[in-house]
Undergrad: 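A single structure is presented below for examination.
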Amino acid sequence: MTADPPVRVRFAPSPTGRLHIGGLRTALYNYLFARKHGGDFVLRIEDTDQARYEPGAEDDIREALAWVGLEYDEGPEEGGEFAPYRQSERSDLYREYAERLIEADRAYYAFDTEAELEEMREDHGAYDVTTRRHMRNSLTLSDDEVERLLEEDDFVVRLKVPRQASIHFDDVIRGGVSFDASEVDDQVLLKSDGMPTYHLANIVDDHLMDISHVIRGEEWLSSTPKHVLMYEALGWEPPAFAHLPLILSPNGGKLSKRDANQLGIPVYVGDYRTDGYEPAALLNFLALLGWGPGTDEELFSLDEMTQAFSLDRVGASGVQFDLDKLRWVNEHYVRALSIDELAQKARPYVEAEGYEVSDERLRTICELVQDRIQVVPEVATDNRYFFEAPDEYEEAGVEKRWKDASADLLLAYAERLEAVDTFDTDTVETELRDLAEEKDVGAGAVIHPARLAVSGRSYGPGVFGLLAAVGKDACIRRMRRAAEVLG
RNA sequence: GCCGCGUUCGUCUAGUCUGGUCUAGGACGCCGGCCUCUCACGCCGGUAGCACGGGUUCAAAUCCCGUACGCGGUACCA
């Protein structure tokens with residue numbers, strides 16, 4: 001019996017933009033799989049496209065992974081046994097293997113111009129077994145001619161797809177997948193700028209870096225036969241493939257930037273950070289998007305997820321992003337925060353709204369709102385009355401809670417509060433209950449108008465805590481103003 | 001268009017491989033109730049689904065075929 005090779009997986013984003021939420025999900029599943037099996041998780045930067053390269057993108061990717069706590073064992077900055085991990089620094093390697101493929105008659109040089117390619121596509125479709133015979137390449141041209149053209153240094157290397165063959169591979173998530181060779185075109189492997197395409201670079205690196213499992217998005221499924229052909233041509237054992245279902249928009253379609261923005265769904269990982277989501281909650285939610293533990297559990301720490309994770313429990317169909325579910329998961333992480341942590345996380349958002357608040361008061365406010373918010377910034381955005389007087393009174397609340405006697409009761413309450421020395425939850429409550437008794441009304445007859453007057457709303461934290469947190473002067477001022485405005 | 005992959009409540013999923021225990025389970029959302037100064041939390045209850053059509057079988061959400069629909073791919077992009 002031969003032991004399974006050690007698990008080594010890679011997350012291989014291309015630095016063409018900020019890290020996308022789907023990319024993070026791919027990274028997460030790779031991470032979980034690696035950790036679950038005691039293997040290595042590698043970050044590899046696939047920067048073979050000079051035109052789409054975006055400076056700063058690599059930093060964004062690294063920062064995003066650090067923010068959520070997905071630590072990798074090898075990467076471009078941290079190095080490792082298989083360095084370098086940036087493909088642009090490995091060009092010679094790819095050229096070498098492209099040549100090997102040519103020697104093995106599994107690839108060839110092509111010299112067609114853009115115009116010629118365009119014409120070919122219009123007439124025939126793809127550069128493949130049938131069309132390559134009519135094109136200018138090392139299969140159709142004389143050796144001398146090829147020699148001469150190579151001198152000009154403007155050529156590409158294309159994969160020579162076999163005339164007829166059925167290409168089959170096993171996908172961990174989907175089972176057996178087959179393609180007919182006639183459906184596969186002669187993919188460019190080495191571009192005229194000397195850089196490899198994804199297809200070549202990816203198989204060379206995966207092989208050289210001893211990658212055991214390729215876990216990537218489903219968009220790669222249809223190019224996998226090309227990869228399989230290359231592994232075979234080079235005499236290499238291909239890694240196991242696992243193609244993850246794509247994340248779709250809640251409308252069912254592709255999660256486009258425009259679409260997402262409209263629905264309030266952040267597209268980039270960095271946006272979740274600025275929007276104040278808890279990184280652990282994001283990971284938890286993402287884990288559930290395409291995978292299920294098979295139990296009723298839904299809230300997992302990274303370690304718990306790692307324990308529970310298994311590729312066979314990853315689904316094969318596209319999954320729709322559900323912002324409500326994310327918020328629900330996040331809510332649980334917010335509740336698990338200590339008051340100090342919550343206050344610390346909330347401060348920047350409070351300040352961004354232009355409010356000033358002491359640490360002590362912010363903690364008090366956080367205590368009051370912690371289990372009433374889903375995302376940290378809501379400490380400020382959903383509870384402005386702690387920081388400024390309400391500029392209007394919730395209509396339905398007034399309708400329901402503001403009675404004829406409310407103004408007089410509030411005025412009397414304000415008077416009592418004015419006389420009080422210590423303005424804390426207990427005294428505020430005592431004063432209110434005494435007043436209610438004195439006036440022979442239920443406590444609610446004062447409670448509800450007081451809440452309305454001070455917060456402008458009919459709902460929120462317990463009213464005594466609320467009043468105490470808002471403070472004596474502000475409360476009295478707001479009560480008198482409400483009595484005047486609402487009558 | 002062609003090729004590939006997919007299809008269980010609105011959404012994420014359990015169940016499908018190893019057909020009966022599934023009058024299909026859980027969660028989000030939504031609705032109702034309890035708690036309660038309100039809201040939220042929590043708890044209790046409800047709503048809603050095997051895409052469709054054939055077949056195989058004593059028996060199909062589960063196996064087979066077809067159709068529909070969705071997604072992906074079809075670049076010197078990844």
Side-chain angles (χ1 to χ4, degrees), chain A residues 12-17 46-52 87 110 112 114 117 121 125-128 154-158 171 173-175 177-180 182-185 187-199 201-202 216-225 243 245-246 248 250 252-254 285 288-299 312-313 315-329 331-332 335 368-374 397 400-401 429 432-433 436 442-448 450-452 455 457-464 466:
Chain A
S14 93
T16 52
E46 311 230 325
D47 54 348
T48 54
D49 188 340
Q50 315 264 273
R52 291 205 309 153
Q87 292 186 327
D112 313 278
E114 205 132 314
L117 286 173
R121 276 198 199 95
Y127 208 120
D128 60 15
D154 185 20
F155 62 87
V156 299
V157 173
R158 283 181 181 274
D171 185 278
I173 291 166
R174 285 145 221 284
V177 180
S178 300
F179 287 81
D180 196 292
S182 62
E183 301 297 337
V184 183
D185 61 5
Q187 184 63 236
V188 168
L189 302 180
L190 205 61
K191 300 185 266 192
S192 53
D193 65 1
M195 281 291 205
T197 57
Y198 168 87
H199 307 283
N202 135 81
R216 74 227 308 184
E218 195 189 346
E219 71 268 29
W220 294 110
L221 190 62
S222 26
S223 38
T224 305
H243 288 95
L246 263 19
L248 311 174
K254 223 182 123 157
F285 167 73
L288 260 15
L289 213 54
W291 168 83
T295 66
D296 287 350
E297 276 172 275
E298 297 209 88
L299 269 8
D312 355 288
R313 298 205 65 88
S317 45
V319 290
Q320 294 184 205
F321 191 101
D322 181 353
L323 192 63
D324 280 333
K325 185 77 178 250
L326 199 216
R327 291 173 57 81
W328 176 81
V329 173
E331 173 186 315
H332 288 272
R335 262 186 257 150
L368 258 17
V369 303
Q370 185 168 34
D371 56 10
R372 265 168 264 262
I373 58 173
Q374 293 191 292
K400 186 170 180 197
R401 304 293 190 184
E429 174 162 11
L432 187 143
R433 293 199 187 279
V446 189
I447 286 175
H448 299 301
R451 180 197 309 287
L452 215 37
S455 74
R457 304 196 312 205
S458 63
Y459 55 92
V463 78
F464 306 115
L466 168 68

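Proteins get letters first, then strands, A, B, ... in listed order; numbering begins at 1 in each. None of these values were measured; they are calculated from a predicted model.
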Undergrad: Could you tell me whether A:K325 and A:E298 have a side-chain N and a carboxylate O separated by less than 4.0 Å?
TA: yes
Undergrad: When we call it a touch if two heavy atoms are under 4.0 Å apart, what does A:G252 touch: a base, just sugar-phosphate, or nothing?
TA: sugar-phosphate
Undergrad: If the cut-off is 4.0 Å, is A:R121 near the phosphate of B:rU74, judged by side-chain N/O to OP1 or OP2?
TA: no
Undergrad: When you measure from the side-chain N and O atoms of A:R52 to the phosphate of B:rC76, is any distance below 4.0 Å, counting only OP1 and OP2?
TA: no
Undergrad: For atom C1', what is the distance between B:rC35 and B:rC44, given to the nearest Å?
TA: 11 Å
Undergrad: Between A:V319 and A:K400, name the one whose nearest nucleotide on RNA chain B is closer to the 5' end.
TA: A:V319
Undergrad: Under 4.0 Å between a side-chain N/O of A:K191 and OP1 or OP2 of B:rC77, yes or no?
TA: yes
Undergrad: Compare side-chain N and O positions of A:R158 against OP1 and OP2 of B:rC76 and report whether any pair is under 4.0 Å apart.
TA: yes
Undergrad: Could you check if a side-chain atom of A:K400 sits within less than 4.5 angstrom of a side-chain atom of A:H448, using non-hydrogen atoms only?
TA: no
Undergrad: Would you call A:R327-A:E331 a salt bridge at under 4.0 Å N-O?
TA: no
Undergrad: Quote, to the nearest angstrom, the P distance that separates B:rA59 from B:rG20.
TA: 14 Å
Undergrad: Base, sugar-phosphate, or nothing: which does A:F179 touch, judged by heavy atoms less than 4.0 Å apart?
TA: sugar-phosphate
Undergrad: If you measure from the P atom in B:rC77 to the same atom in B:rC3, how many Å do you get, rounded?
TA: 26 Å
Undergrad: Please identify each residue that fulfils salt bridge (charged side-chain N to carboxylate O under 4.0 Å, His left out) with A:D112, with sequence neighbours left out.
TA: none
Undergrad: For B:rA78, take OP1 and OP2 only and decide whether either is under 4.0 Å from a side-chain N or O of A:T48.
TA: yes
